[in-house]
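Model, not experiment: these values are computed from the prediction.
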Amino acid sequence: MSRQKELPLTKRKRARALPYLLIAPAMALFVMFTFYPFIRTILLSFALTNKSGNFTKWVGVDNWVRILTKNSFWSVVGITLKMAAVNLICTMLVAMVFALLATKKVKFSKAYQTMYALPMAIASSPAAAIFLFIYRQKNGLLNNILGTNISWLTEKPTAIWAVCAMTIWMHIGVSFIFLLVGFRNVPEDLLESAWLDGAGPMQRIRHIILPMASPQIFFVVFMNIASSFKTFAQIKLLTQGGPANSTKTLIYYIYENAIINGRFETACVQAIFLFLLIFLFTRIQFALENKVVHYQ
Amino acid sequence: MMTARQKKKVKSGTSFAVKVILGIIFISPLIVGLAFSVQSEAALVTYPLKLITENPTIQNYLEIFAKVPLLAYLKNSVIVCFFAILGQIVFSSLAAYAFVYFEFPFKRQLFSLVLITMMIPGEVVVITNYVTIQNMGLINSYLALILPSLVSGTSIFLMRQYYLTLPRDFKEAATQDGCGDMGYLFRIATPLSIPTISSLAVYLFVQIYNQFFWPLLVTNKDTMRTIQIGISFLTTSDIISYGQILAGAVVAIVPSVIIYIFGQDYIIKGMTAGGVKG
């Protein structure tokens, strides 16, 4: 009797534990590689560290004060924001044109659709190898085409644009795909009735396609800002933050402080600052979303 | 005189041609990489550069394979991709299944934690993770390369969105036929979600294969480098000419381009599912 009663009970117990067991592996990894390092980064931003990045001594807000009062830090933040703005505007413009061109599915439209998105699949390091060849001063491709002799990546006015150009090229694909999906979701009959009412292509784009796809457009804008903040490889591979720090962004500064200079506490302050910056833009996104975006 | 139909045909033909030409201009850096990777070093230093050469050579490819362990780099990348993708699919399926089909205490809070991970970019914690891996003595190991990529909030979210679309009756019917919870997951939910899993896998492949920051930090031994890191070190080497660098770059690009071209519908689905409301 008692054994018969016991069995369903342990079974029920097991069933109650099951969902936790299913979540456990994912949670363990999150704790180890997201939550723990995040909290540790916050804590270390109030401490001193040794050369290998481990805690030595609490110093309160000293690190924060030291970094936030430095002009060089704010100029890095300024460059980060400037690059994000340039990347955002150019990426959006090109991706928008590509998406409008590719919205209508015709025979073989896959051909150009594939090309417009292709750089998305290209890694930054081989791409950088090609762009270094394009930008190099001695018989570089760009100098060949323009008949110039400019060292694009080591001169101050051009370096930032050269880095942005590569980033934009690499980011257009993802934006294009999101916009394309949005534009293709616009109901066909809506466009047709507008056409019957005499709306030209530009009017249809302005008054129907763009408003109807506003969730995607909105999403892509903020996605581009965030991915620009996180762009590291291009800067590491093309300019190392130079010339004269003119392409040094926050993420590169973090890398430089931690890995090259062994100043982990400085890197931690900057990493948390980067987090707050991205977080701020996410908040703005959520706050604006309900006001700007049109949901069907 | 052209008929209206012919006119229309010409018009759509021109618009198609314009769109394709735009596409070719857009991917021209890739064409540049390919075109100059088959030219001799002498051609690359001669002014003006010629996109098409009369005597293409595969010498650069032969030499880059001889000079650097490109195959080892590729092998490392494949190993990392395989285990990271497998891990993400298994762990995210399990977790998503629990969130969709079970009611349990703290479910909401635990799911919030998953969403919070999506608010913390990997770039913010990358330095501290590097210190962790270093303290564990895992620098230059596959474990170091794979561990942080074994799970992501995005993949759990994606699998959850899919399970939510499965009719509840399926589970009830299966339970009545004596199918247990795990049996339902492995025998019914997982086979049904193959398209979603494929999208996730292709999307993750392109993402993980192309990783740069993390593998740069946790490897410093040449034989442990992934292809992306290996290629990035070519440009700083003195013994490697530019044609050879471009050949190496082309080799690194080929796998992800092939996967992209054949899997693009899956990638698009994986990217956009759950990405935006509306």
What part of A:F108 lies closer than 4.5 angstrom to a heavy atom of chain B: side chain, backbone, both or neither? both
Would B:F99 and A:I23 satisfy side chain to side chain contact (heavy atoms under 4.5 Å, CB included), going step by step from the backbone distance to the final call? CA-CA 8 Å; B:F99 283 123; A:I23 296 172; 3.6 Å; yes
Does any heavy atom of chain A fall under 4.5 Å from the side chain of B:L110, the backbone, both, or neither of them? both
Would you say that B:I127 contacts A:I259 through its side chain, given a criterion of any heavy-atom pair below 4.5 Å between the two side chains? yes
Could you look at B:L44 and say if it's the side chain, the backbone, both or neither that has a heavy atom under 4.5 Å from chain A? both
Max heavy-atom pairs within cutoff under 4.5 Å with chain B, candidates A:K107, A:K138, A:Q270, A:R136, goes to A:R136
Smallest separation among heavy atoms of B:V131 and A:S52, with atom names: CG1-O, 3.6 Å
Checking B:S93 against chain A: side chain, backbone, both or neither under 4.5 Å from a heavy atom? neither
Given a strict heavy-atom distance threshold of 4.5 Å, which part of B:F212 is in contact with chain A: side chain, backbone, both, or neither? side chain
Turns out that what part of A:K236 lies under 4.5 Å from chain B's heavy atoms comes down to side chain
Heavy-atom closest pair, residues B:I27 and A:P119: CG2-CD, 4.5 Å
Please look at A:V174 and chain B and tell me whether the side chain, the backbone, both or neither of the residue comes under 4.5 angstrom of a heavy atom of that chain. both
At a 4.5 Å cut-off on heavy atoms, which part of B:F205 comes close to chain A: side chain, backbone, both, or neither? neither
Nearest 0.5 Å, what's the CD1-CZ distance between B:I120 and A:F35? 5.5 Å
So, do B:K107 and A:P19 sit near enough that their side-chain heavy atoms are less than 4.5 Å apart? no
Side chain to side chain contact (heavy atoms under 4.5 Å, CB included) evaluation trace for A:F264 with B:Y130: CA-CA 11 Å; A:F264 283 90; B:Y130 162 72; 4.2 Å; yes
Of the listed A:F273, A:F133, A:F229, A:F98, the one with the largest count of heavy-atom pairs under 4.5 Å with chain B is A:F133
Mind checking the CG-CD spacing from B:D265 to A:Q113? Nearest 0.5 Å is all I need. 7.5 Å
So B:N129 and A:M32, side chain to side chain contact (heavy atoms under 4.5 Å, CB included) or not? Walk me through it. CA-CA 9 Å; B:N129 276 337; A:M32 200 166 165; over 6 Å; no
Against chain B, label A:A117 side chain, backbone, both or neither, depending on which of its atoms sit under 4.5 Å from a heavy atom there. both
Which atoms of B:V20 approach chain A - backbone, side chain, both or neither, heavy atom under 4.5 Å: both
When only pairs under 4.5 Å are counted, which of B:V114, B:V250, B:T46, B:L51 shares the most heavy-atom pairs with chain A? B:T46
Please test A:I254 against B:E123 for side chain to side chain contact (heavy atoms under 4.5 Å, CB included), starting from the C-alpha separation and ending with a verdict. CA-CA 9 Å; A:I254 292 168; B:E123 286 75 7; over 6 Å; no
Answer yes or no: is there a side-chain heavy-atom contact under 4.5 Å between A:R16 and B:F104? no
Could you look at A:F218 and say if it's the side chain, the backbone, both or neither that has a heavy atom under 4.5 Å from chain B? neither
For the atom pair CZ (B:F262) and OG1 (A:T114), what is the distance rounded to the nearest 0.5 Å? 10.5 Å
Side chain from CB out, backbone as N, CA, C, O: work out which of these in B:Q264 comes under 4.5 Å of a heavy atom of chain A, or both, or neither. side chain
If you count heavy-atom pairs under 4.5 Å with chain A, which of B:I261, B:L185, B:V32 comes out on top? B:V32
Checking heavy atoms, do the side chain of B:I259, its backbone, both or neither come under 4.5 Å from chain A? neither
Tell me if the CZ atom of B:F106 is crowded by more than 12 foreign heavy atoms within 6.0 Å. no
Nearest non-hydrogen partners of A:A129 and B:L246, listed with the distance: O-CD2, 4.1 Å
Are the side chains of A:Y112 and B:I24 in contact, using a 4.5 Å heavy-atom criterion? no
Is A:M120 close to chain B through its backbone or its side chain, or both, or neither, when contacts mean heavy atoms under 4.5 Å? both
How about B:I133 and A:F33: do any of their side-chain heavy atoms sit closer than 4.5 Å? yes
Region of B:I231 in contact with chain A, defined by heavy-atom distances below 4.5 Å: both
Distance from A:L101 atom CG to B:L22 atom CG, nearest 0.5 Å? 6.5 Å
d(A:I145 CD1, B:L49 CG) to nearest 0.5 Å is 9.0 Å
Looking at A:L141, A:L180, A:V181, which one has more heavy-atom pairs under 4.5 Å with chain B than the rest? A:L141
Can you confirm whether A:F30 sits close enough to B:I116 that some side-chain heavy atom of one is under 4.5 Å from a side-chain heavy atom of the other? no
Between B:L113 and chain A, with a heavy-atom cut-off of 4.5 Å, which part of the residue counts as in contact: side chain, backbone, both or neither? both
Please look at A:T41 and chain B and tell me whether the side chain, the backbone, both or neither of the residue comes under 4.5 angstrom of a heavy atom of that chain. both
Heavy-atom pair with the smallest gap, counting every atom of B:Q228 and A:S125: O-OG, 2.6 Å
Distance-only, no hydrogens or angles: does the B:S256 side chain make a donor-acceptor pair with backbone N or O of A:A121 under 3.5 Å? yes
Rounded at 0.5 Å granularity, tell me how far CG in B:L234 sits from CG in A:L132. 11.0 Å
Close side-chain approach of B:F36 to A:I130, heavy-atom, < 4.5 Å: no
Contact part of A:F232 toward chain B, heavy-atom cut-off under 4.5 Å: side chain, backbone, both or neither? side chain
Heaviest contributor of heavy-atom pairs below 4.5 Å to chain B, chosen from A:V97, A:I251, A:I272, is A:I251
Is B:K19 close to A:Y116 at the side-chain level, that is, under 4.5 Å between some pair of heavy atoms? yes
Would you say the side-chain atoms of A:W169 pair up with the backbone N or O of B:F26, donor to acceptor, closer than 3.5 Å? yes
Which region of B:T132, side chain (C-beta onward) or backbone (N, CA, C, O), has a non-hydrogen atom less than 4.5 Å from a non-hydrogen atom of chain A, or is it both or neither? side chain
So what's closer than 4.5 Å to chain B heavy atoms on A:L237: side chain, backbone, both or neither? side chain
Residue A:M223 versus chain B: region with a heavy atom under 4.5 Å: neither
Of the backbone (N, CA, C, O) and the side chain (C-beta and beyond), which part of B:S232 lies under 4.5 Å from a heavy atom of chain A, both, or neither? both
Looking at A:L274, A:I122, A:V94, A:L250, which has the largest count of heavy-atom pairs under 4.5 Å with chain B? A:I122
Here the pair of heavy atoms bringing B:F91 nearest to A:A26 is O-CB, 4.4 Å
Which region of B:S152, side chain (C-beta onward) or backbone (N, CA, C, O), has a non-hydrogen atom less than 4.5 Å from a non-hydrogen atom of chain A, or is it both or neither? backbone
Which atoms form the tightest heavy-atom contact between A:T282 and B:M119, and what is the distance? CG2-CE, 4.1 Å
Examine distances only and state if a side-chain atom of B:N210 and a backbone atom of A:S124 form a donor-acceptor pair shorter than 3.5 Å. no
